[in-house]
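See structure below.
Note that the numbering runs from 1 along the sequence shown for the chain.
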Amino acid sequence: MSPIDTLVNSAIRPDVRAVASYHVADASGYLKLDAMENPYHLPQHLRTDLAQRLADVALNRYPAASYASIKQRIQQTLGVPAGYDVILGNGSDELISMLCMACAQQDRRAVVVAPTPSFVMYQRSAQFAGMDYVGVPLKADLTLDLPAMLAAIEQHKPALVFLSYPNNPTGNLFAEDDIVAIIRALDGFGLAVVDEAYEPFAQQSFMHRLPEFNNLVLMRTVSKLGLAGIRLGYLSAAPQLLVELDKVRPPYNINVLTQVAAEFALDHVDVLNRQAANLRAARADLMAALAALPGVEVFPSAANFILIRVPDSDDAHLKLLSHKVLIKNVSKMHDVLTNCLRITVSTPEENSAFLDAFAASLAA
Ligand SMILES: *Cc1c(COP(=O)(O)O)cnc(C)c1O
């Protein structure tokens, strides 16, 4: 073995060496419908204003450690209940890893439970923090298996249960009563993390229910709203929990450019909300068009993406690639997703370009 391989094997954990890197497909030249991005830019006049604000930022200074002004904007514009603070993350990906870091134990394996298939970072972050991950399969109709979730909670006493609401990659909202039952079952020992990354498209939220439950943690991001590039997630929960979670947050984790851009965007949140409304309308149109294609099963969606089942997902995916269309083939993620594809909802123009390529891919 070469000296560098010996070094890597000695210094780097075996379970880290064993996993593949988080894969992001190279999208240049493709119609990009694989990552739930908002296809709309900010309008030109706002971009000019934003450029001026960014030009004035003191890049030589660390960010103000309290992040008071951006937090205040979030509290005022995004429905955080009175008396509830937020913690910021470099994307909600960082918040997920902070939650795991804060809950992993040193003398025993703490447990993360989540329905599966769901957002892959729950399992990854649990593993990297040294926690055990227990995935509870969804039912064949992609709804939550509540008895199985409650049994896993009873058996494993998890410190964290992650619930993506709506769920990625399936797109559906789990039943509100089921989520409440899970929050209650964790009472006294575990946190229920409701991940509302797609709230702008679901328009249903547990945010206003924070005061009802000590152990509810509400997590959101501005990524799917149209600001994926600036990397900003936020999390709210009881103040006593936030005090502890904030200790594992890297200081200055939100950079000054992100902070200023986010404040600016939230001052114009009506623009982003209108874009979300357009995407919700486009979602309905795209779902109807997909459902009219022979052999295509369309699952309900409360997100800015649509899950479908086709006769041969690998074949359809490859043919779409040859048409320079990038969607996500999720068919290998889990048995319940056999032959399933996930398509991001985009502008009417991009959606119809996708539909043409997709119809041709199915026919060929
Ligand atoms: C996209 C996504 C995230 C990640 O959001 P970032 O803020 O961009 O890190 C979190 N949770 C779910 C369910 C997602 O789909």
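Here the shortest heavy-atom pairing between I74 and V80 reads O-CG2, 4.0 Å. Between T338 and R309 the shortest heavy-atom distance is O-NE, 2.7 Å. Residues V310 and L341 come closest through the heavy atom pair CG2-CD1, 4.0 Å. Between V330 and P169, the shortest heavy-atom contact is CG1-CB, 4.2 Å.
For the ring pair (Phe, Tyr, Trp, His ring centres under 6.0 Å) test, residues two or more places apart in sequence or in another chain that qualify with F119 are Y122. Residues forming a ring pair (Phe, Tyr, Trp, His ring centres under 6.0 Å) with F264 (at least two apart in sequence, or on another chain): H268.
In summary, the side chains of S205 and R220 do present a donor paired with an acceptor at a separation below 3.5 Å, with no hydrogens or angles considered. N304 and R283 share no donor-acceptor pair across their side chains, judged by distance under 3.5 Å alone. The closest side-chain donor-acceptor pair between S97 and S125, if any, does not fall under 3.5 angstrom. Side-chain contact of N339 with D312: a donor-acceptor pair under 3.5 Å is absent, judged by distance alone. If you check the side chains of S2 and D5, you find a donor sitting under 3.5 Å from an acceptor. Using modelled atom types and a 3.5 Å distance limit, the side chains of S313 and D315 yield no donor-acceptor pair.
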The test is side-chain hydrogen bond (donor to acceptor under 3.5 Å, both in side chains); show your working for S164 and D195 and say whether it passes.
CA-CA 5 Å; S164 175; D195 179 352; 4.9 Å; no
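Under the 3.5 Å distance criterion, the side-chain polar atoms of R13 are matched with a main-chain donor or acceptor of F128. Between the T258 side chain and the I254 main chain, no donor and acceptor come within less than 3.5 Å of each other. Counting only distance, with no hydrogens or angles, the side chain of N38 and the backbone of L225 share a donor-acceptor pair below 3.5 Å.
Atoms SG and CZ, on C100 and R124 in that order, are 13.0 Å from each other to the nearest 0.5 Å. Note that the CE atom of M219 and the OG atom of S236 stand 12.5 Å from one another [nearest 0.5 Å]. Note: N255 CG to L59 CG = 9.0 Å, rounded to the nearest 0.5 Å. Separating the CD1 atom in I343 from the CE atom in M36 is a distance of 11.5 Å, to the nearest 0.5 Å. Atom-to-atom distance recorded for I230:CD1 and Q259:CD is 10.5 Å, nearest 0.5 angstrom. With rounding to the nearest 0.5 angstrom, the OH atom of Y234 is 10.5 Å from the CG atom of L88.
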Extract all donor-acceptor atom pairs below 3.5 Å that involve side chains of residues 133-143 and protein atoms in other chains or at least two apart in sequence.
{"unit_1": "D141", "atom_1": "OD1", "unit_2": "T143", "atom_2": "N", "d": "3.1"}
{"unit_1": "D141", "atom_1": "OD1", "unit_2": "T143", "atom_2": "OG1", "d": "2.7"}

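Surrounding CZ of R61 are at most 12 heavy atoms belonging to other residues, nucleotides or ligands under 6.0 Å away. More than 12 non-hydrogen atoms from other residues, nucleotides or ligands lie less than 6.0 angstrom from CG of D49. Atom CD of E154 has 12 or fewer neighbouring heavy atoms from other residues, nucleotides or ligands inside a 6.0 Å radius.
D34 and K32 are joined by a salt bridge, as a carboxylate oxygen and a charged side-chain nitrogen come within less than 4.0 angstrom of each other. The pair E263-K71 fails the salt-bridge criterion, with no side-chain N (NZ, NE, NH1 or NH2) lying under 4.0 Å from an Asp/Glu carboxylate O. Note on R249 versus D246: salt bridge recorded, some NZ/NE/NH1/NH2 to OD/OE distance being below 4.0 Å.
Taking the six-membered ring where tryptophan is involved, the planes of F206 and Y165 are perpendicular, since the angle between them exceeds 60° and thus also 30°.
Residues F305 and L286 are members of one and the same hydrophobic cluster, defined by side-chain heavy-atom contacts under 4.5 angstrom among Ile, Leu, Val, Met, Phe, Trp and Tyr. Under a hydrophobic clustering in which Ile, Leu, Val, Met, Phe, Trp and Tyr are joined whenever their side-chain heavy atoms come within less than 4.5 Å, directly or via other members, I70 and V222 fall into the same cluster. Hydrophobic clustering places L31 together with Y40 (ILVMFWY residues linked when any side-chain heavy atoms are closer than 4.5 Å, directly or through intermediates). Two different hydrophobic clusters hold I4 and M1 under the rule that ILVMFWY side chains link at heavy-atom gaps under 4.5 Å.
The side chain to side chain contact (heavy atoms under 4.5 Å, CB included) with R342 is formed by just one residue from the set N168, I308, I327; it is N168. Between L160 and the options V217, L99, V113, a side chain to side chain contact (heavy atoms under 4.5 Å, CB included) holds for only L99.
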